[in-house]
Amino acid sequence: MDSVNRSGAVSKYSPTEIEAKWQQTWADQGLDTTPEDTTKPKFYALSMFPYPSGNLHMGHVRNYTITDVVARVRRMQGYRVLHPMGWDAFGLPAENAAIDRGIHPAKWTYQNIDQMRAQLQKLGLSYDWNREVATCSPDYYKWTQWSFLQFLEAGLAYQKESAVNWDPIDQTVLANEQVDSAGKSWRSGAKVERKLLRQWFLKITDYADELLSDLDQLPGWPERVRLMQENWIGKSTGAQVVFQTESGDELPVFTTRPDTLWGATFMVLSPEHPLVEKLTTADQAEAVKTYQTAAAAKSDIDRTDDTKEKTGVWTGSFAINPVNDEQIPIWIADYVLMGYGTGAIMAVPAHDQRDFEFARKFSLAIKLVVQPEGDARSGDTLTEAWPGDGVMVNSGPLDGIPAGKGDGQSVAAAIQWLETNGKGKGEANYRLRDWLISRQRYWGVPIPVVHCPSCGIVPVPDDQLPVTLPEDVEFSGRGASPLAKLDHWVNVPCPSCGEPAKRETDTMDTFIDSSWYFLRYADANNEGAIFDSAKVNDWLPVDQYVGGIEHAILHLLYSRFFTKVLRDRGLINIDEPFKRLLTQGMVQAITYKNPQTGKYIPPAEVNPDDPKDPSTGDPLEVFYEKMSKSKYNGVDPKDVLQKYGADTARMFILFKAPPEKDLEWDDADVEGQYRFLNRVWRLVSEFATAHPNAATALPPELSKAEKDLRRAIHTAIKEVSEDIEGDYQFNTAVSELMKLSNALSDAKCADSPVYAEGIETLVKLLAPFAPHIAEELWRQLGHQESVHQSGWPQLDTAALVADEITLVIQIMGKTRGTIQVPASADKAALEQYARESEAAQRYIEGKTIRKVIVVPKKLVNFVLG
RNA sequence: GCGGAUGUGGUGGAAUUGGUAGACACGCACGCUUGAGGGGCGUGUGGCUUUGCUGUGCGAGUUCGAGUCUCGCCAUCCGCACCA
């Protein structure tokens with residue numbers, strides 16, 4: 001590693017030294033402070049902010065490096081760039097640390113933030129730290145509460161009884177994502193129960209249609225994220241149809257196939273449907289009760305898991321089919337979910353497979369109303385439901401109409417008939433549910449309302465915000481929210497009437513904190529308002545957002561929702577918060593697993609050439625998996641930075657895989673990047689020593705060597721620029737840097753101004769990727785200002801033009817050789833050169849040329865007869 | 001079951017969008033430098049029965065020419081899943 005010293009010419013590349021030096025200098029000079037000069041075009045580059053666990057992992061490094069390259073390139077290109085960082089700092093881990101280790105969540109969190117900030121700063125990320133936010137800080141959550149009150153005032157926040165996941169051991173409510181696939185609590189391991197509780201919701205369903213249709217405005221998002229959101233919102237169009245029970249109650253149902261109404265032979269209600277009790281006859285009371293109890297005991301997962309056998313019970317009563325006045329039985333079954341549609345369905349067994357299975361099992365009538373063409377079927381002989389096309393039969397006014405959802409087909413005709421006759425109407429239904437935001441936890445934003453016996457729910461007035469978290473709390477991990485036990489905090493006078501009242505003790509889902517942080521960065525230190533609207537309207541939307549695919553739905557959907565609500569409150573004028581989105585792939589590392597025992601073996605204990613379990617001798621499975629402690633395959637960024645420096649780590653991560661693909665960590669490739677930076681160091685250092693203050697003004701005439709080098713230089717400028725502007729292709733951008741470096745190493749004109757131009761260009765192009773080494777080398781070249789303020793190299797397209805090109809000679813489409821020809825040659829000349837070529841002569845001799853295809857600047861293909 | 005993505009050397013990955021497949025690296029081999037190791041430098045590296053043939057998951061097709069376009073399969077990964 002000290003070979004450079006032996007020559008005595010230049011100093012050794014010492015990353016830790018120069019990285020610390022330049023990080024300090026840049027911070028002192030405020031190089032990364034957001035410019036206020038609004039004459040420049042703006043660019044907002046953002047990484048999803050982290051949860052402050054205390055330790056930076058490789059996934060973070062990858063995420064932030066990608067965004068940093070984008071930000072640095074834009075700065076060099078003359079944009080004013082906003083590139084902030086902050087902390088998604090509320091959440092369960094802090095509270096668990098308090099329960100397990102007796103540290104206050106606030107103390108634990110702020111310690112972690114300090115630790116992680118220090119780690120981030122060692123990566124050379126160009127953040128404007130003046131705009132740092134932490135969602136657990138009262139300065140921030142004051143405005144989270146204020147936002148909540150905006151929702152409340154707009155009628156978009158409400159309380160409702162809801163069935164939630166209840167952990168009987170920890171005595172607390174859990175979010176869906178905190179219950180594993182077996183229906184057990186992630187913390188206590190207890191089987192989760194369903195329990196009715198009064199909870200806070202945000203009415204995201206009011207925005208379902210816009211959240212769906214505006215996905216079209218996001219061409220800069222990955223297709224699959226848009227599709228996932230589309231699926232999640234789950235719009236289906238159809239009709240609402242009102243059935244009457246014999247007792248006179250209305251029983252509305254939603255259906256996507258209103259055209260099959262004449263084939264409805266029974267109805268099914270969800271076991272939780274409010275009308276079940278009333279509809280159940282005395283004879284059936286016991287059976288219904290038993291079924292309801294069994295269904296209630298099952299978690300959602302159990303209920304949706306047994307896809308095979310249908311179960312259900314008849315209520316004993318009947319409904320009237322509104323289209324033909326037929327009497328049809330009303331059943332209950334758990335394949336009908338209370339949370340979707342109206343919690344009740346009309347069952348058309350001939351044309352819906354679930355209804356068909358149910359009808360067969362309980363011997364219910366099956367009536368065919370769509371006759372597939374050229375295939376006479378009847379309900380009695382069907383072996384499965386027919387959901388496909390055909391002609392309507394047995395359907396009164398619809399008879400003879402072709403079945404389908406198109407214009408003039410059965411569905412449209414049915415909806416028109418329903419509306420004309422007042423039996424129902426066209427309607428859309430969504431899978432999306434309202435957002436349950438209540439959490440019975442301490443370490444979150446208190447919901448800023450007071451419950452008053454006489455005034456009801458009273459919002460805390462703006463001038464009394466924030467409702468701060470009390471600090472004198474006990475964390476036992478048992479019972480309701482720790483806040484509920486603090487009488488002095490709970491009991492307050494009603495802000496409206498002054499009588500004794502009680503604070504809301506639920507805190508908000510932490511996804512709320514992260515649903516608006518990207519707006520706050522535009523005006524992060526505003527004490528008098530959530531933000532200055534003009535500043536948000538100036539900076540937003542985020543031009544490039546980068547984060548993991550795991551947020552494809554929740555965070556990104558919630559943020560879009562918040563943005564639209566705040567827009568409708570007149571606070572901002574944008575429809576969508578994130579113009580372009582990049583979902584970066586996982587960072588994986590080699591993993592060894594013993595297939596016999598199922599145990600993971602630390603790589604340090606395995607011989608990679610012959611992977612065997614050191615204790616049992618079993619051959620091991622070898623594969624790449626996401627880094628994690630339990631698999632012993634994590635690589636600590638700290639170790640990499642210490643050994644190679646941030647520049648090498650950044651270069652490796654950018655080069656190893658395209659950003660959206662999974663990246664396989666490989667120490668040998670990290671070494672490779674370190675070697676490359678060392679080569680660049682020697683190349684530039686040696687040049688700077690030999691040619692202090694070298695001129696870059698070009699002579700009027702260039703030699704061939706100079707022209708070739710200059711073409712390589714400007715090809716690099718072109719390719720790197722394109723790679724980091726369109727679809728980010730940092731891997732090929734880095735390979736272009738390597739090509740330029742190789743071209744300079746091989747160049748035979750080291751004393752030419754062209755060579756000096758090449759050296760300077762290499763350093764500039766390298767700057768966004770490896771900012772420290774580029775800065776150090778730039779200064780060695782004699783520059784006073786920072787390379788990061790030196791401007792992006794200008795492309796000279798004239799330099800790209802070659803005097804000679806390589807012409808491919810093909811015979812019958814097969815390449816048989818190449819020749820060098822003048823670039824200026826026209827089609828006829830190219831054909832002539834090709835005919836005369838040795839390669840063509842060999843194959844053409846004695847044959848007839850039937851056709852010649854000439855592709856200018858590329859190839860000549862001879863088709864022989 | 002529904003929807004989506006991906007499939008190229010020993011490995012990670014390129015390919016101007018129909019025009020020399022394997023750029024750039026990693027690894028490996030050989031050579032030079034070095035007391036040795038490391039490092040550095042140089043050369044080579046898809047396969048094969050090597051004047052040539054063959055090759056981008058498999059099989060057809062379009063074309064002068066296909067990794068790229070069309071049709072049909074296979075495999076892997078991801079999301080959703082009794083959604084009426």
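- Between the side chain of A:Lys310 and the base of B:C82, at least one donor-acceptor pair of N or O atoms lies under 3.5 Å.
- Put simply, A:Asn742 has a side-chain N or O that comes within less than 4.0 Å of OP1 or OP2 on B:A25.
- When the P atom of B:C78 is taken as reference, atom CG of A:Asp662 falls 10 Å away, rounded to whole Å.
- A:Arg842 comes within contact range of the sugar-phosphate backbone alone, with a heavy-atom separation under 4.0 Å but no base atom that close.
- Nucleotide B:C30 has B:G42 as its partner under the Watson-Crick or G-U criteria, with both atom distances under 3.5 Å.
- Comparing atom distances between the A:Pro658 side chain and each of B:C26, B:A14, B:G4 picks out B:A14 as nearest.
- A:Glu664 comes within 4.0 angstrom of sugar-phosphate atoms only, judged by non-hydrogen atoms across all strands, and of no base.
- For the OP1/OP2 pair of B:G27 and a distance below 4.0 Å, the side-chain nitrogens and oxygens of A:Arg675 include at least one atom meeting the criterion.
- Across all strands, A:Thr806 comes closer than 4.0 Å to base atoms (heavy-atom distances).
- Here A:Leu227 lies in heavy-atom contact (under 4.0 Å) with sugar-phosphate atoms only.
- Taking side-chain N and O atoms only, A:Asn731 has a distance below 4.0 Å to OP1 or OP2 of B:A14.
- Comparing B:C24 with B:C30, their P atoms are spaced 23 Å from each other, to the whole Å.
- For A:Asn861 against B:C64, a side-chain-to-base donor-acceptor contact under 3.5 Å is present.
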